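These numbers come from the heavy atoms of this one structure, side chains and all, not from hydrogens, waters or symmetry mates. Quick note: residue numbers are just sequence positions, from 1. Keep in mind that this is a model prediction, so the values were computed, not measured.
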Amino acid sequence: MTNLDAQDLRSWEEYFSQMGQLEDVESERWEQEHDELEELYNNKLDLNLCSREDLRRLPFLSEQQIMDLMEYRDRAHRIETPIELRLIPSLERRDADMLLQFAEIRPELRRDSIPSLSNMLRHGRHELTGALKIPFYSRRGDRDGYLGYKYKHWLRYTFTSGQHLKAGFVASQDAGEPFFTGPNRMGYDFYSYYIILRNLGCIKTLAIGRYRLRFGMGLILNNSFGLGKLHTLSTLGRSCNPVYAHSSRSEGNYLQGAATTVTIARGWDATAFVSVRKIDATLNQDSSTVATLLQSGYHRTASEMQCRHNTSQWLAGGNLNYSDRRFHIGLTGLYTAFSRELRPTTSPAFRRWYPAGSRFWNVSIDYGYVSHRLNIAGETATGTRGTVATINSMSYRIAPNFSLMALHRYYPYQYCAVFANTFAEGSEANNESGLYFGGHWVPQRGMTVMFYADMAYFAWPKYLASASSHSFDNLLQATYERGRWDFLVRYRLKLRERDNSNKTTLIYKHEHRGRMTMGYDGGLWNTRTQADLSYSSFANNSFGYMITENFSYHRHWLRLQATLGYFSTDDYDSRVYAYEPGILYHFSFPSFFGKGVRCAVSTRADLSRHTMIMLKLGITRYFNQEAIGSGLQEIKGQIQCDLEVQMRLRL
């Protein structure tokens, strides 16, 4: 097996830190993608056997890079060393290093084209991971309000056999939820289970249990993931059609049933899926119609328990896709029904076009073309209300080191797609039209410059904007690596029209955000210094900053990591956030506002190749407040301290 020492590669979590923006970090789907990459990191792809669909699971690879990699492998018949990745022109060093954290070069073995079930079970690997979070404080709800204790814990079991079989389950308990008592007499509040089979003859993928889907550019169905604007530029608008296992602890964004993708002819794939599941919802006063669909998965109080699994959702559909090395086209259709009618409150103008009714359908066509210079992708869809929405992107590699990209989207305010998650300035794929333009430039070895400008128009009133409004989002980022040093500089300016205090006119809210980082790789140890600045101007001016120092040490079986930061912001509008290493399968990108310090120390001990133990202690001390949080989450005092304990067994 050929691989590179992880100390010589940039951590894939640093990719998240560099590419993440505030709206990404505060999205639940960001944690899902982190969870998926963590899974791939621990169960690496075979670089010589992985398919195009496998590579599409890696969010940092563009469609052009995937095509070039597959073509090189076909010409060479086999990739023997990681150095060969440098021969692929579109694969920059950073992307090649990232790829080698999720893929490896295994010895060439003679193997059956379709392994038997007994062989898959015999040669599979078992992994059991458990984690416990212990808070050294009590929230108001812990004393009076929550039905359970204050500890959060989860279990995760995974069985993998090469790239053909993956199965597992997750059991998760949030702080405040009852455990083996009351409504949760079966123990954990949330259980998830799945089986995924891949590349078995004509069956490309078969998912049973809980799973996630994405078709085209997510205009009608994407409960998987889609990173933000900076990531879209990095991957040049790549679209994909994968089926994922739902192996995360997220309770609000999955399907339950079965999905399969089969090859019906050369270049032709067909996917069918069906899902029946219970969902959480708040009901109207008539107790028979739904006011709001809930995604949080929290069941800590009596009122939250009343919303638990009180509505059923049924979904069925399919996708027919044709693709060759350069061109693809797909047709997707779905139908979904709810056991209760959706009847949201529509008196505020911005809620006028929320999904209403009990039955919905959508149909879309997605398409794309990729060559060594040109990449075109798009999707056009319609649905229950009969309106047409579309998103289209085009990128062109002007020179080996310079690419430009343009993306246009048009989502009418009448457009309705319950499962959509696509490129948008707002949180929903409706009431938005916009144009995005960006560039990716490598002026010299080790240096990368990325920039974009995004203009959006909202024809119907939005939340906090009672008339048609506009937004402008602009970003410039430069990274540089030289020897053991790396640097990052980022500036972002965002303008969004909002109502003035009297709601008589719209005025722009200005948000300025900047980041500077400097890192040094000392071999056994690494250090990174980061400065974040935030300035918001609307009714009042708000300024904030945070200085963070990260240190890590890795030698043999022991890893130590420490984070120390000081933050000072005027209020929530100028909040700052910073990545800090966390336990496995856990996303840690906290935000801060007010004045205080943040300290986190973690240690990981690989006691053997079968056993790993990890501890993380995090402390936040506020200087300007006597309580932390609000409502049932309020903590009396100025200190918030948590200990996380994790253990993993591999067999």
Side-chain angles (χ1 to χ4, degrees), residues 3-21 25 34 37 41 60 82-83 85-86 92-102 230 234 441-450 476-491 513-533 545-567 576-584 587-590 592 597-606 614 616-619:
N3 207 343
L4 295 184
D5 193 322
Q7 298 171 19
D8 297 327
L9 299 177
R10 178 183 298 275
S11 168
W12 64 269
E13 292 183 318
E14 282 296 323
Y15 173 83
F16 262 52
S17 178
Q18 289 188 8
M19 306 305 290
Q21 300 177 52
V25 173
H34 182 280
L37 289 178
Y41 178 78
F60 53 86
I83 302 301
L85 297 178
R86 303 287 192 266
E92 300 172 15
R93 178 179 177 179
R94 182 200 65 172
D95 298 321
D97 289 348
M98 286 284 294
L99 175 60
L100 290 170
Q101 296 191 62
F102 300 98
L230 194 59
S234 178
W441 180 35
V442 184
Q444 65 182 63
R445 184 176 180 180
M447 185 175 185
T448 301
V449 178
M450 302 173 69
L476 174 64
Q477 174 175 295
T479 59
Y480 180 66
E481 299 177 28
R482 184 176 179 85
R484 294 181 177 271
W485 293 92
D486 65 85
F487 305 87
L488 178 145
V489 179
R490 176 194 294 178
Y491 170 70
R513 291 188 177 273
R515 171 173 293 179
M516 294 177 289
T517 67
M518 178 178 65
Y520 180 77
D521 182 355
L524 296 178
W525 59 275
N526 296 270
T527 183
R528 180 171 302 277
T529 304
Q530 178 169 304
D532 287 281
L533 302 175
Y545 67 91
M546 183 172 185
I547 307 296
T548 310
E549 184 68 31
N550 292 279
F551 176 82
S552 64
Y553 175 81
H554 178 199
R555 184 175 179 83
H556 303 308
W557 56 274
L558 181 65
R559 301 182 187 183
L560 300 173
Q561 293 176 310
T563 300
L564 178 63
Y566 173 79
F567 57 91
V576 291
Y577 63 95
Y579 164 77
E580 61 184 40
I583 61 176
L584 298 181
F587 175 74
S588 187
F589 220 132
F592 305 95
V597 294
R598 170 65 178 178
C599 178
V601 180
S602 64
T603 179
R604 169 175 168 171
D606 292 286
M614 192 169 186
K616 178 183 176 182
L617 179 67
I619 303 173

Exercise. Taking all non-hydrogen atoms of both residues into account, name the closest pair between Lys616 and Pro581 and its distance.
Key: NZ-O, 3.2 Å
Self-check item: Value rounded to 0.5 Å, distance of CZ in Arg513 from CG in Asp532
Solution: 8.5 Å
Quiz item: In terms of ring plane angle, is the pair Phe592 and Phe567 parallel, tilted or perpendicular, where the classes change at 30° and 60°?
Solution: parallel
Quiz prompt | Straight-line distance of Thr527 OG1 to Met518 CE, nearest 0.5 Å | solution = 8.0 Å
Quiz prompt | Euclidean distance, Leu533 CG relative to Met516 CE, rounded to 0.5 Å | solution = 5.5 Å
Exercise. Please name the pair of heavy atoms, one in Gly523 and one in Arg484, separated by the smallest distance, quoted to 0.1 Å.
Key: N-NH1, 3.3 Å
Practice problem: Test Leu560 against Val601 for side chain to side chain contact (heavy atoms under 4.5 Å, CB included), laying out the working first. | Solution: CA-CA 8 Å; Leu560 300 173; Val601 180; over 6 Å; no
Practice problem: Determine the minimum heavy-atom distance between Asn550 and Tyr579, stating which atoms define it. | Solution: OD1-O, 4.2 Å
Self-check item: Whether Tyr480 and Phe487 hold their rings parallel, tilted or perpendicular, with breakpoints at 30° and 60°
Solution: parallel
Quiz item: Distance from Asn526 atom CG to Asp521 atom CG, nearest 0.5 Å?
Solution: 4.0 Å
Quiz prompt | Heavy-atom side-chain proximity of Met450 to Thr479 below 4.5 angstrom | solution = no
Quiz item: What is the minimum heavy-atom distance between Arg86 and Ala96, and which atoms define it?
Solution: NH1-CB, 3.4 Å
Practice problem: Quick one: pull up OG1 in Thr548 and CD in Glu580 and give me the separation to the nearest 0.5 Å. | Solution: 9.0 Å
Exercise. Look up atom OG in Ser602 and atom CE in Met614, then write down how far apart they are to the nearest 0.5 Å.
Key: 4.5 Å
Practice problem: Please say whether the positively charged group of Arg598, taken as NZ for Lys or CZ for Arg, lies over the ring of Tyr577, i.e. under 6.0 angstrom from the six-membered ring centre and within 45 degrees of the axis. | Solution: no
Exercise. Using the six-membered ring wherever Trp is involved, compare the ring planes of Tyr566 and Tyr545 and label them parallel, tilted or perpendicular (cut-offs 30° and 60°).
Key: tilted
